[in-house]
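Scroll down for the structure; my scribbles are underneath it.
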Amino acid sequence: MKGNFIFINTNPISNMILSSGITAADFINGLDQLPDNIILLNNDEEDANGYNSHSKFNLIFGSSEIRQYLLKNPSGPKKFIDFDDEDSVNNLSPYEIAELLYLAHFGTPMGRPFSSKLLNHYIYLTQDDRTIRSYYRRFSDFNHVLEIAVKRNLRETHNTLRLFLRPLAIKDIDNSILIELITKANDGLFILFGSIRERNRTYHIPIRILKNPDQVSIILRTKTIIENTNYVGDLSYNLQNSTWKLEWQDQAAGV
């Protein structure tokens with residue numbers, strides 16, 4: 001399987017998104033407001049501008065500094081959790097510090113991902129297979145992150161297909177379409193820009209769902225997406241009237 005794609009596996013119960021093809025820049029541009037403070041769970045001393053002696057964690061203070069950290073070395077591993085103020089870090093118990101160490105090491109929280117002391121809104125964890133496991137206190141915050149990623153991937157694909165045309169200005173995606181995609185992604189959903197088709201001035205982007213969600217790491221590593229997914233429909237963008245449409249196959253959508 002060649003070409004750009006977005007993969008998302010969503011769990012609204014735990015407010016978790018497992019993703020591939022959604023960049024740190026998409027995360028930045030998709031959030032209404034970046035955090036003001038983060039704990040670097042991978043203990044990245046080089047990028048820190050603060051240190052907490054109580055928890056022994058390196059910190060970054062300031063949203064502009066956090067933006068710079070996320071955009072630096074985009075493919076590099078990043079692990080962080082945001083926090084309200086440094087007093088909240090100073091008040092962490094030994095057990096709560098151990099929970100953060102567990103989160104950094106295993107890439108998943110021991111319990112709930114949102115701390116009553118840190119008052120965090122996000123967790124962002126690069127996994128060993130280069131997927132991103134992220135948590136959103138307000139799950140709907142992911143909607144715009146996904147929208148930014150879809151529009152970017154379509155724009156990049158369009159530019160490779162039409163080298164001598166001006167860049168494509170893409171309209172916003174209806175929130176109902178984003179919600180439907182996220183809802184369908186409970187078993188792992190691929191949006192395959194590398195398999196895009198154009199008919200009648202409309203781009204048709206195939207959507208496929210995993211046959212076995214437990215195999216996602218192997219599938220992403222081996223790029224065997226088509227063989228291990230079922231085609232379920234298209235996300236379409238009409239170039240003439242600048243409208244998005246989501247079309248499911250009848251048997252897959254159950255309608």
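Taken together through direct or relayed side-chain contacts under 4.5 Å among Ile, Leu, Val, Met, Phe, Trp and Tyr, Ile218 and Leu18 form parts of separate hydrophobic clusters. Tracing side-chain contacts under 4.5 Å through hydrophobic residues (I, L, V, M, F, W, Y), one never reaches Leu41 starting from Leu119; they form parts of separate clusters. Residue Leu92 is not grouped with residue Met110 when hydrophobic side chains (ILVMFWY) are merged at heavy-atom distances under 4.5 angstrom, including chains of intermediate members. Both Leu71 and Tyr69 are assigned to one and the same hydrophobic cluster, defined by single-linkage of ILVMFWY side chains at heavy-atom distances under 4.5 Å. Two different hydrophobic clusters hold Tyr122 and Ile148 under the rule that ILVMFWY side chains link at heavy-atom gaps under 4.5 Å.
Not one N or O on the side chain of Asp234 forms a donor-acceptor pair closer than 3.5 Å with the backbone of Ser236. Panel note: side chain Ser55, backbone Val89; no donor-acceptor pair is recorded below 3.5 Å. Between the side chain of Ser19 and the backbone N or O of Phe7, no donor-acceptor pair lies under 3.5 Å. A donor-acceptor pair under 3.5 Å is absent between the side-chain atoms of Arg208 and the main chain of Phe190, judged by distance alone. Remark: side-chain polar atoms of Asn15 are paired, donor with acceptor, to backbone N or O of Tyr136 under 3.5 angstrom. Lys184 places no side-chain N or O within donor-acceptor distance of the main-chain N or O of Val232, the cut-off being under 3.5 Å. Counting only distance, with no hydrogens or angles, the side chain of Thr131 and the backbone of Gln127 share no donor-acceptor pair below 3.5 Å. The closest donor-acceptor contact from the side chain of Glu96 to the backbone of Ser93 lies under 3.5 Å. Formation of a donor-acceptor pair under 3.5 Å by the Asn228 side chain with backbone atoms of Thr224 is found in this model. With Lys211 contributing its side chain and Glu227 its backbone, the two residues share a donor-acceptor pair below 3.5 Å.
The local environment of CG in Asp87 is crowded, with over 12 non-hydrogen atoms from other residues, nucleotides or ligands closer than 6.0 Å. No more than 12 heavy atoms of other residues, nucleotides or ligands lie within 6.0 Å of CZ in Arg138, so this atom counts as exposed by the packing criterion.
For Ser217, the side-chain contact (heavy atoms from CB on, under 4.5 Å) partners are Asp129, not counting sequence neighbours. Listed by chain and number, the residues in a salt bridge (Lys or Arg N to Asp or Glu O under 4.0 Å) with Asp47 are Lys72 (sequence neighbours excluded). The salt bridge (Lys or Arg N to Asp or Glu O under 4.0 Å) check on Glu45 picks up nothing, with sequence neighbours excluded. For Asp128, the side-chain contact (heavy atoms from CB on, under 4.5 Å) criterion is met by no residue, not counting sequence neighbours. Phe114 pairs by the ring-ring contact (aromatic ring centres under 6.0 Å, His included) definition with nothing, not counting sequence neighbours. In this structure Tyr102 satisfies the ring-ring contact (aromatic ring centres under 6.0 Å, His included) test together with Phe106, sequence neighbours excluded.
In this model, no donor atom of one side chain and acceptor atom of the other lie less than 3.5 Å apart for Glu180 and Thr183. Asn143 and Ser140 are not linked by any side-chain donor-acceptor pair at a separation below 3.5 angstrom, with hydrogens and angles left out of the test. A donor-acceptor contact under 3.5 angstrom links the side chains of Asn90 and Asn52, judged on distance only. Of the N and O atoms on the side chains of Asn120 and Ser115, not one donor lies less than 3.5 Å from an acceptor on the other residue.
No side-chain heavy atom of Asn37 sits less than 4.5 Å from a side-chain heavy atom of Asp82. Taking the side chain as every heavy atom from C-beta outward, Leu31 and Ile28 never approach each other to under 4.5 Å. Annotation: side chain of Ile219 is in contact with side chain of Leu210 (closest heavy-atom distance under 4.5 Å).
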Assess whether side chain to side chain donor-acceptor pair (under 3.5 Å) is satisfied between His158 and Tyr203, documenting all intermediate values. CA-CA 9 Å; His158 171 84; Tyr203 282 134; 2.8 Å; yes
Asn241 vs Thr243, test: side chain to side chain donor-acceptor pair (under 3.5 Å). Steps then yes/no. CA-CA 6 Å; Asn241 57 29; Thr243 55; 2.5 Å; yes
Using the rule given for salt bridge (charged side-chain N to carboxylate O under 4.0 Å, His left out), can you reason through Glu247 versus Lys245, listing the C-alpha separation, both sets of side-chain angles and the distance that settles it, and then say yes or no? CA-CA 6 Å; Glu247 302 171 291; Lys245 188 176 181 181; 3.6 Å; yes
Before giving the answer on side chain to side chain donor-acceptor pair (under 3.5 Å), spell out for Thr23 and Asp26 the whole-Å C-alpha distance, their side-chain angles and the decisive distance to 0.1 Å. CA-CA 5 Å; Thr23 66; Asp26 297 329; 3.1 Å; yes
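Residue Phe142 holds its CZ atom at 12.5 Å from CD1 of Ile179, rounded to the nearest 0.5 Å.
Taking the ring centre of Trp244 as origin, the terminal cationic atom of Lys151 falls outside the region bounded by 6.0 Å and 45° from the ring axis.
Across Leu181 and Ile8, no two heavy atoms sit closer than the pair O-CD1, 4.4 Å.
Taking the six-membered ring for Trp and the full ring otherwise, Phe5 and Phe193 have centroids separated by 6.0 Å or more.
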